[in-house]
There are 2 protein chains.
Amino acid sequence: MARKPGSRADITGPRLREAALRLFARHGYAAVSMRQIAREVGVQAGALYQYIDDKQSLLFELMRSHMEELLDAWAASAPAPQAALDRLEQFARFHIRFHAARADAVFVSYMELRNLEPMHFEAIEALRRRYETELEAILRDGQAEGSMSLPDTKLAAMALIAMLTGVNTWFREGGRLSREKVEDIYIDMVRKAVGA
Amino acid sequence: MARKPGSRADITGPRLREAALRLFARHGYAAVSMRQIAREVGVQAGALYQYIDDKQSLLFELMRSHMEELLDAWAASAPAPQAALDRLEQFARFHIRFHAARADAVFVSYMELRNLEPMHFEAIEALRRRYETELEAILRDGQAEGSMSLPDTKLAAMALIAMLTGVNTWFREGGRLSREKVEDIYIDMVRKAVGA
DNA sequence: GTCTATACCACGATAGAC
DNA sequence: GTCTATCGTGGTATAGAC
């Protein structure tokens, strides 16, 4: 198992991103060194700078692509026009499912906000707000339809997202409950919480 | 404004803890250096080691004391035996209030879990579970009384705590809504979510 | 494209003077 | 109790050979 010289740009790039995401999630951005990442990838630290400008840009790119995948995925599963309560259920299922499948990216995108430079922070925040607005629109429609009863749609949107995202702190595939069952339980609480 | 030599053990200790908590919350444990903390306290880095064994113990002590204050404060506001729904409301108000008043400690105690050594991590986790169990007991009683209708009390406890703790990510004293108003809105959603 | 080697700096922690 | 000085380590990032 000697070292492997030569060109492998096509695989080193993705591997760098995967390793960085996993290590950042596990130990935190500030606690992970470029040398550690390089070791996981199987190259020397210096070689990483062929793929990134610096450590900060690496973090930002990981978070930005996560948020954009989230928005794209939600847009792709976009509900046909239908009752707000059905759209709410769709949103909740989508949220739990998408987030459960990317625990590392979710964790990093939430925990490392404070390690972003101001401009990068603003860019990520804008994407996060766009997602929040998607849920808020559903709640506002439900309110208008009369199918929901909410004291404050903005707070409700934040409260529900916090609740749904919380699943990630404890859910593990293969535990006491299947993901579908967890979804069912949360949807029951979500529907009740909005006064359905 | 020259430097101030001499003995000030009584104030340096608390100041160290305050500065560390604020800096850890703002930048993260791994990103904050002992020198930075010392600068805030107004002493040299070496002087800090009169008060702590090492950086890791400092983090652990901050988290441990936060969790114990949380449990003590809840025990002190312990409800007289009463209807589960009233106890739930009391818990929710207590939770929002206590957490809003200590945003830094809450943030650190949640975000820096991964930077604890295994034994320290286990100790903090045990305290966190004790708190969770307090809410779970209320929900179980509500279920038994018939005043609540929950598919899974354990999940419900985690979901509600995630929702309530989420207030901290956006709530700022002096914003659009007073803390009391926020409490009212959340309690409305909490009561509905448990099927009251 | 990746390597080795290294510049340069900051880290946590300690020793010993005051 | 705090200071200055320092040890040993490891950080990010770059230079230049292959």
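Protein chains get the first letters and strands the later ones, always in sequence-line order, with residue 1 at the start of each.
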ask   = Considering residues at least two apart in sequence or located in another chain, which fulfil the side chain to side chain contact (heavy atoms under 4.5 Å, CB included) criterion with B/Ser77?
value = B/Trp74, B/Gln90, B/Phe94

Interface polar pairs with nucleotides 13-16 of chain D, N/O, under 3.5 angstrom:
from, atom 1, to, atom 2, distance (Å)
D/dA13, OP2, A/Tyr49, OH, 2.8
D/dA13, OP2, A/Lys55, N, 3.1

request  = Using heavy atoms and a sub-4.0 Å distance, could you list which residues of residues 21-30 of chain B are near DNA chain C? By number, please.
outcome  = none

message = Can you measure A/Ile37 atom CD1 to C/dT2 atom P for me and round it to whole angstrom units?
response = 15 Å

query = Quick one: is A/Gln44 getting a side-chain N or O under 4.0 Å of the C/dC3 phosphate, OP1 or OP2?
reply = no

task = Assign the ring pair B/Phe60 / B/His120 to parallel, tilted or perpendicular, where the plane angle (0 to 90°) is split at 30° and 60°.
result = parallel

request  = Give a yes-or-no answer on whether the side chains of B/Arg17 and B/Ser65 include a donor-acceptor pair shorter than 3.5 Å.
outcome  = yes

ask   = Heavy atoms under 4.0 Å, any strand shown: does A/Val32 hit a base, just sugar-phosphate, or nothing?
value = sugar-phosphate

ask   = In whole Å, what is the span from the CG atom of A/Leu48 to the P atom of C/dT2?
value = 9 Å

message = Which residues pass the ring-ring contact (aromatic ring centres under 6.0 Å, His included) test with A/Tyr186, not counting sequence neighbours?
response = none

Nearest listed nucleotide, side chain of B/Val43, among D/dC3, C/dT2, D/dG11 = D/dC3

task = Send over the distance from B/Gln36 CD to C/dC11 P, rounded to a whole Å.
result = 7 Å

message = Without decimals, in angstroms, what is the distance between B/Arg15 CZ and D/dT2 P?
response = 11 Å

key: With A/Arg64 via side-chain hydrogen bond (donor to acceptor under 3.5 Å, both in side chains) - residues at least two apart   = A/Glu61, A/Glu68

query = Does B/Thr12 place a side-chain N or O at less than 4.0 Å from the phosphate oxygens OP1/OP2 of D/dG1?
reply = no

inquiry  = By the side chain to side chain donor-acceptor pair (under 3.5 Å) test, which pairs, at least two apart or in different chains, include something from residues 157-170 of chain A?
reply    = A/His95-A/Thr165

query = To the nearest Å, how far apart are B/Tyr51 OH and C/dA13 P?
reply = 17 Å

message = If hydrophobic residues (ILVMFWY) are linked whenever their side-chain heavy atoms come closer than 4.5 Å, directly or via other members, who joins A/Tyr110 in its cluster?
response = A/Phe107, A/Met111, B/Phe107, B/Tyr110, B/Met111

message = For B/Glu40, give me all partners under side-chain hydrogen bond (donor to acceptor under 3.5 Å, both in side chains), at least two apart in sequence or on another chain.
response = B/Arg22

ask   = Are any of B/Ser33's side-chain N or O atoms less than 4.0 Å away from OP1 or OP2 of C/dA10?
value = no

ask   = Apart from A/Met119 itself, which Ile, Leu, Val, Met, Phe, Trp or Tyr residues share its cluster (side-chain heavy atoms under 4.5 Å, direct or through members)?
value = none

